[in-house]
Novice: 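Can you keep this structure in mind? I'll have questions shortly.
So you know, we letter chains A, B, ... as the sequences are listed, proteins then strands, and number each from 1.
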Number of protein chains: 2
Amino acid sequence: MMDEPRSRRERPAKAALTRGGIVAAAAEVMRAEGLGRVTMRRLASELDTGPASLYVYFRNTAQLHAAVLDDLLGAVDLSPVDAPGDWRDRLEAVLTSYTRVLFEYPTLAQSAVTARPSGENYLRLVEGLLALLDEGGVPPGQAAWGLDLLLQVATATAAEHAGGDDPEQWDAVGAALRAVRPETHPRIASLGEDLLSGPGPARASWGIRVLINGVLATPRTGGN
Amino acid sequence: MMDEPRSRRERPAKAALTRGGIVAAAAEVMRAEGLGRVTMRRLASELDTGPASLYVYFRNTAQLHAAVLDDLLGAVDLSPVDAPGDWRDRLEAVLTSYTRVLFEYPTLAQSAVTARPSGENYLRLVEGLLALLDEGGVPPGQAAWGLDLLLQVATATAAEHAGGDDPEQWDAVGAALRAVRPETHPRIASLGEDLLSGPGPARASWGIRVLINGVLATPRTGGN
DNA sequence: ACCTGAACACCGTTCAAGT
DNA sequence: ACCTGAACACCGTTCAAGT
């Protein structure tokens with residue numbers, strides 16, 4: 001009886017259900033326990049309701065995750081877009097910031113490979129990247145498709161880290177590559193460790209430069 | 001009583017549990033009902049046993065899926081590796097074959113972004129791609145990292161199709177891009193539909209050429 | 001070693017009913 | 001419209017026990 005007001009404070013009776021509130025709660029759960037715990041049921045109990053209530057705001061779990069990702073994308077540093085300097089360096093800086101954000105939540109990156117977000121932060125990022133490609137003189141057609149490639153590689157690079165925490169799966173590939181017989185797989189054997197992810201960030205930034213150079217050099221029509 | 005022999009035929013009493021047998025059953029379930037049904041429990045009941053039995057052969061569900069993927073990779077056409085002709089065209093042909101295989105099971109492609117297979121078919125594919133890069137004079141260091149990029153893009157391209165069956169999520173992106181205001185997002189607005197996946201295969205092959213050109217043009221050390 | 005039944009601790013999604 | 005309890009139909013993984 002006496003602690004009624006106290007319990008009200010700890011859990012404010014019932015926060016009204018809003019899309020933003022759900023996303024905020026989801027982001028918190030993800031930060032604390034990983035994307036695997038960001039489930040409809042878990043969130044519902046966090047918000048003092050039943051899972052069915054969340055379906056008013058999200059068609060399914062994948063869309064909930066996409067909304068969480070868009071929320072996170074607010075942390076991407078877009079300041080290089082309007083800064084002075086070489087456009088390639090600035091493009092690389094923005095994508096590196098994007099990758100850094102995703103590196104924090106590799107499982108979210110994995111889901112982003114299929115379920116692209118479509119919120120305002122994502123749109124801002126896309127617009128910024130297109131502005132830089134435009135500044136670099138990349139023809140519109142190549143910019144449109146190249147943008148996709150750039151995000152794909154940046155996202156996949158972060159997603160690859162998802163299995164990385166767990167040495168079991170990761171080392172299965174490593175073990176297989178090391179165990180290869182030089183007679184049957186000479187090139188794998190000779191490249192050895194170099195095939196495995198070396199210094200992650202260096203690879204990512206090399207990959208971005210490869211893409212920039214390639215996009216500039218590859219027209220969308222005609223032979224090669 | 002009388003149909004004992006008949007039921008024996010339909011379900012041969014009990015096939016001995018082997019890694020290969022499990023993978024074969026898994027591939028069948030996937031073909032028939034999609035990767036979502038390839039679960040430990042479902043497979044166990046398919047094989048007339050309990051789910052715990054499968055953990056003798058696979059550490060977890062992700063590794064089971066990786067094994068199924070490797071199995072599927074047996075269908076990739078590696079004949080262009082030893083064929084005559086321009087190495088770029090042949091490299092593109094192999095990757096196109098790889099993409100085609102994954103396109104059949106986009107959800108498997110999605111899981112492949114994180115859980116790379118490490119079976120013999122995967123190793124054969126990697127060796128073949130490295131042979132072509134070598135033939136093209138790509139320096140070993142660039143080949144090692146470039147290989148990763150090529151597989152990443154090919155895999156992600158197929159994985160993107162995973163959401164594609166479901167117009168809900170897919171159209172969310174489309175709708176968002178179309179609804180954009182030209183005042184705030186001029187470049188998105190001007191590129192319009194071109195940003196969305198046009199003719200999938202054409203994009204994939206352009207992406208591969210971009211990567212080949214980029215890898216050739218981008219040394220692993222030094223400035224840009 | 002290989003195999004298993006049973007248990008623990010969860011899931012997504014829908015539906016009929018309420019406000 | 002928004003919200004919900006309850007139900008349906010599933011999951012992964014571990015453990016103690018058996019062969």
Side-chain angles (χ1 to χ4, degrees), chain A residues 11-26 29-30 32-69 107-108 110-111 114-115 162-163 165-169 172, chain B residues 11-26 29-30 32-69 107-108 110-111 114-115 162-163 165-169 172:
Chain A
R11 206 180 262 236
K14 185 97 179 201
L17 223 45
T18 63
R19 214 189 121 95
I22 297 169
V23 171
V29 170
M30 186 182 66
E33 309 174 43
L35 187 70
R37 297 292 178 208
V38 180
T39 68
M40 293 297 201
R41 291 182 104 105
R42 175 64 204 280
L43 242 40
S45 93
E46 201 79 19
L47 296 165
D48 270 317
T49 181
S53 307
L54 305 179
Y55 284 80
V56 175
Y57 301 93
F58 300 96
R59 231 179 266 283
N60 53 44
T61 309
Q63 253 182 42
L64 169 63
H65 289 174
V68 173
L69 174 55
T107 51
L108 195 56
Q110 188 187 9
S111 87
T114 24
D165 292 338
D166 175 17
E168 284 159 19
Q169 174 70 35
Chain B
R11 208 180 261 234
K14 185 102 179 198
L17 223 46
T18 63
R19 216 189 120 95
I22 298 168
V23 171
V29 169
M30 186 181 66
E33 308 174 42
L35 187 69
R37 295 294 177 205
V38 180
T39 68
M40 293 297 200
R41 290 182 104 105
R42 174 65 203 279
L43 243 38
S45 93
E46 200 79 19
L47 297 165
D48 270 318
T49 182
S53 307
L54 304 179
Y55 284 80
V56 175
Y57 301 94
F58 300 96
R59 233 179 265 284
N60 52 47
T61 308
Q63 253 182 42
L64 170 63
H65 289 175
V68 173
L69 174 56
T107 51
L108 195 56
Q110 187 186 9
S111 85
T114 25
D165 292 339
D166 176 16
E168 284 159 20
Q169 174 70 34

Novice: Using a cut-off of less than 4.0 Å, is there contact between a side-chain N or O of T49(A) and OP1 or OP2 of dT4(D)?
Specialist: yes
Novice: Let me confirm one number: the CG-CD distance from L54(B) to Q63(B), rounded to the nearest 0.5 Å.
Specialist: 13.0 Å
Novice: Any protein N or O atoms within reach of nucleotides 9-13 of chain C? Criterion: under 3.5 Å, listing atom names and distances.
Specialist:
| unit_1 | atom_1 | unit_2 | atom_2 | d |
| --- | --- | --- | --- | --- |
| dC11(C) | OP1 | T39(A) | OG1 | 3.4 |
| dG12(C) | OP1 | M40(A) | N | 3.2 |
| dG12(C) | OP2 | M40(A) | N | 3.3 |
| dG12(C) | OP2 | R41(A) | N | 3.3 |
| dG12(C) | N7 | R41(A) | NH1 | 2.7 |
| dG12(C) | O6 | R41(A) | NH1 | 2.4 |
| dT13(C) | OP2 | Y55(A) | OH | 2.9 |
| dT13(C) | OP2 | T61(A) | N | 3.2 |
| dT13(C) | OP2 | T61(A) | OG1 | 3.2 |
| dT13(C) | O5' | Y55(A) | OH | 3.3 |

Novice: Dot-bracket for DNA chain C, 5' to 3', with Watson-Crick and G-U pairs under 3.5 Å, [ ] for crossing pairs and | for other-strand pairs: what is it?
Specialist: ||.|||||...|||||.||
Novice: Provide the distance between the two P atoms, one in dC8(D) and one in dA9(C), to the nearest whole Å.
Specialist: 23 Å
Novice: Would you kindly give the CZ-to-P distance between R19(A) and dA1(D), to the nearest whole Å?
Specialist: 19 Å
Novice: Going by side-chain hydrogen bond (donor to acceptor under 3.5 Å, both in side chains), name the residues that satisfy it together with S53(B), two or more places apart in sequence or in a different chain.
Specialist: T49(B)
Novice: Taking atom P of dT4(D) as reference, at what distance in whole Å does atom CG of L43(A) sit?
Specialist: 13 Å
Novice: What heavy-atom pair brings A115(A) and A66(A) nearest, and what distance separates the two atoms?
Specialist: O-CB, 4.2 Å
Novice: For Y55(B), enumerate each residue passing the side-chain contact (heavy atoms from CB on, under 4.5 Å) test, keeping only those at least two apart in sequence or located in another chain.
Specialist: M40(B)
Novice: What residues form a side-chain contact (heavy atoms from CB on, under 4.5 Å) with A25(A), not counting sequence neighbours?
Specialist: L47(A)
Novice: To the nearest angstrom, how far is F58(A) atom CZ from dC3(D) atom P?
Specialist: 12 Å
Novice: Measure from CG on L47(A) to P on dG5(D) and round the result to the nearest Å.
Specialist: 13 Å
Novice: Looking only at non-hydrogen atoms, find the nearest pair between V23(A) and F58(A) and report the distance.
Specialist: CG2-CZ, 3.8 Å
Novice: If we take the C1' atom in both dC2(C) and dA16(D), what is their distance in whole Å?
Specialist: 15 Å
Novice: How far apart are the closest heavy atoms of G36(B) and T39(B), and which atoms are they?
Specialist: O-CG2, 3.6 Å
Novice: Please measure how far the C1' atom in dC11(C) lies from the corresponding atom in dA7(D), and state the result in whole Å.
Specialist: 14 Å
Novice: Using a 4.0 Å heavy-atom cut-off, does Y57(B) contact any base of the nucleic acid, only the sugar-phosphate backbone, or nothing at all?
Specialist: sugar-phosphate
Novice: Can you name the side-chain contact (heavy atoms from CB on, under 4.5 Å) partners of V38(A), sequence neighbours left out?
Specialist: A26(A), V29(A), M30(A), L35(A), L43(A), L64(A), H65(A)
